[in-house]
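To keep things clear, I will list the structure first and then write my remarks on it.
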Amino acid sequence: MPVKWLMHFQPNQGTTLTSQVMAEACAVAESFPGVSRDGRWRSSMTFYRAVPRDQSLPAPSDLPRDLIGISLHDLPNEYLFVMRSQRLILRAHSSVQTVMDKLQSYKGRFFINFEGLQYKWGDFKLRIGKCLYNPNEALRGIVMEVEYLPLSSIDKSQRVMEEFYEIWREAVASKLLAGQFINTEVNFVEYGLGDSYTPQHTAVLYGMCVVQVIASSNKNQ
Amino acid sequence: MEPQQQAGSGDAPPKQVAQAMDRLGRAARLIAEIRLGADRILEALLVSNENPRLSEKAAELTLGEEDAMRRHFLDLRTVGKQLEDSGVLSGALRSRGNSWGLHMPLVCPDGAVVAYAWKRQLAGQAGASAVDRARLALKAFSDQKRRFFPQLEDDQLNRSNNDTIKFPPTKRPRLLHRPTQSPNIDSTEQKPMLADILKSIQTEAPGVTISTYQRLEWSKRAESLALDQPKEQILSNLSGSFNEVAVIELVASGVFRVLVSLHPAGSTDPDAVAFFSPNEGGSYLHSRGMSVHHVFKHVTEYADKALQYFQSSDPNKALSHLLSWICSHQSLFTKNCSKCCKLLAMDKSLALLLPPVHRPYLLNSKDHDQDFATAYHIGCSSYDV
């Protein structure tokens, strides 16, 4: 599948993130000639915590305490799990969520929804979205996904994505948005992932990105 | 011939135009009749030469034809005069004041008839473009026919000629003989063998995997690529015998998949080339297909020009040059433009961000160590190469 980069918006020191930024970012995307809007997109993430069966016994150390579950917009029939401590990713059918609910071995502690607008620009696809904290729909961050359709090799597409990132950053800076987009850097090798891009790579990117988003939003509050 | 109403200047322009079109049609039919008559006279002469017994009958035929031809010529002269008077052949009426925006049909130098001159200007194209398009279509169809139904070629010609010329069949093949098989490659010293070309390209560009297929084999493989992308790079699949090779596939892992077709199969004459993304698959993946991605679409368009150039400037080595040129595209997504030094550039007219997709293909006169090392964005190519 085509390679993707994931960025999040880092507001300037002392400013707070508002939904105005989302509108401004979309305006930057739409300002490039040849960009066409391509509908909306929506992904969601659940942070699970292990529920110990027997409260008196200590939790076994080899089981992860925290689990991230991700439902991606371009794979509606699948559900991915990321165990960050073990660097493991699991790809399952979307019905596994009902299994999780029934088993109650892990309980969803909090939820994050990503939703926003999608754009097509030649061989690129851009998705700009708000990162909303469920249940109170508080805006935690703005993310942008960039997909380059012709290539699936991370290595071979590196330079193209870098240059695109530069072009995007310059455009954002010239439109005087109150902050910058920062790319999510991940060492895929640690997760046992190869050069050919897969949904597992996306899951890892989102996992990492959300951590950074939450950290920066906590810092700015 | 039925008497024609003269189109007076009192007639409305549409009627004049319609009559002019009608007359042009008649003129065309008369010319066809004259041609047929000439053929018949020739045939009669040849038959009487072959077969003195039939010479009396041939003489009768000739005289009859001569009369008919004379009549046709007179009619043609009349129609011609009418057309000339109504301004068709000279386009003099183009600037007529009260012509309702209509103009007389114009006969262009290449024989095309343009019914309405203003349409030419509106369409922004020369009036002969419809003829060119038809000609191109005819060429494309006859190329396809020749490739996929080679056995039909001679039959068709024999059949059509038997209608008009009653020749003994043995005479026909000599006049119509066209070599359908290319000459044995081994016998020509200048033309290198397919196997050698492929071997030298493999050593020249080790990053590119080359495979060869027969036509049907490739169709199956293209379909299978749609269903399941091979995870690891497949090993090069060179056919055992090179006599039937019709498709050469070049894959640079993660960068491109290029298909080159050879015609006739087993020769070293490339006839089409197309670039695709390595993650594409399906029945549209062939040397005359087009990628869904913009970058590869543009490279393919440019590759067509390169192929034509190689075929015209050095036909014996066209395949070698083409394959070398293709292999230089391994750096398609990493090599900066030789003019603006950037990788991605916004093409204003296309409204697309593209890497440099134009790699100049001109050959030096020295003809060795051609490395096709430069690359340009579409907007940065200062000349048409």
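Values below: all heavy atoms of this structure, side chains included; hydrogens, waters and symmetry mates excluded. Protein chains get the first letters and strands the later ones, always in sequence-line order, with residue 1 at the start of each. Predicted, not measured: the structure shown is a model, and the values here were computed from it.
At a 4.5 Å heavy-atom cutoff, the contact between B:F333 and chain A is made by backbone and side-chain atoms alike. Of the atoms belonging to B:K348, not a single heavy atom falls under 4.5 Å from chain A. For A:Y148, the part lying under 4.5 angstrom from a heavy atom of chain B is the side chain only.
A:D123 CG to B:L354 CG: the interatomic distance, rounded to the nearest 0.5 Å, is 6.5 Å. The structure places CG of B:L353 at 7.5 Å from CZ of A:F32, a figure rounded to the nearest 0.5 Å. Considering CZ of A:F164 and CG of B:L343, their distance stands at 13.0 Å, rounded to 0.5 Å. The CG atom of B:L344 lies 5.0 Å from the CD1 atom of A:I167; values are rounded to the nearest 0.5 Å. Rounded to the nearest 0.5 Å, atoms OG1 (B:T334) and CZ (A:R159) are 7.0 Å apart.
For the pair B:S277 (side chain) and A:P150 (backbone), a donor-acceptor distance under 3.5 Å is present.
Of the residues considered (A:Q158, A:E163, A:K156), A:E163 shows the highest number of contacts with chain B, using heavy-atom pairs under 4.5 Å. Put simply, of A:P33, A:G34, A:S152, the one with the most heavy-atom pairs under 4.5 Å next to chain B is A:P33.
Nearest heavy atoms, B:G254 versus A:S153: CA-CB, 3.9 Å.
Remark: B:K199 NZ is loosely packed, at most 12 non-hydrogen atoms of other residues, nucleotides or ligands lying under 6.0 Å away. More than 12 heavy-atom neighbours from other residues, nucleotides or ligands sit within 6.0 angstrom of NZ on A:K120.
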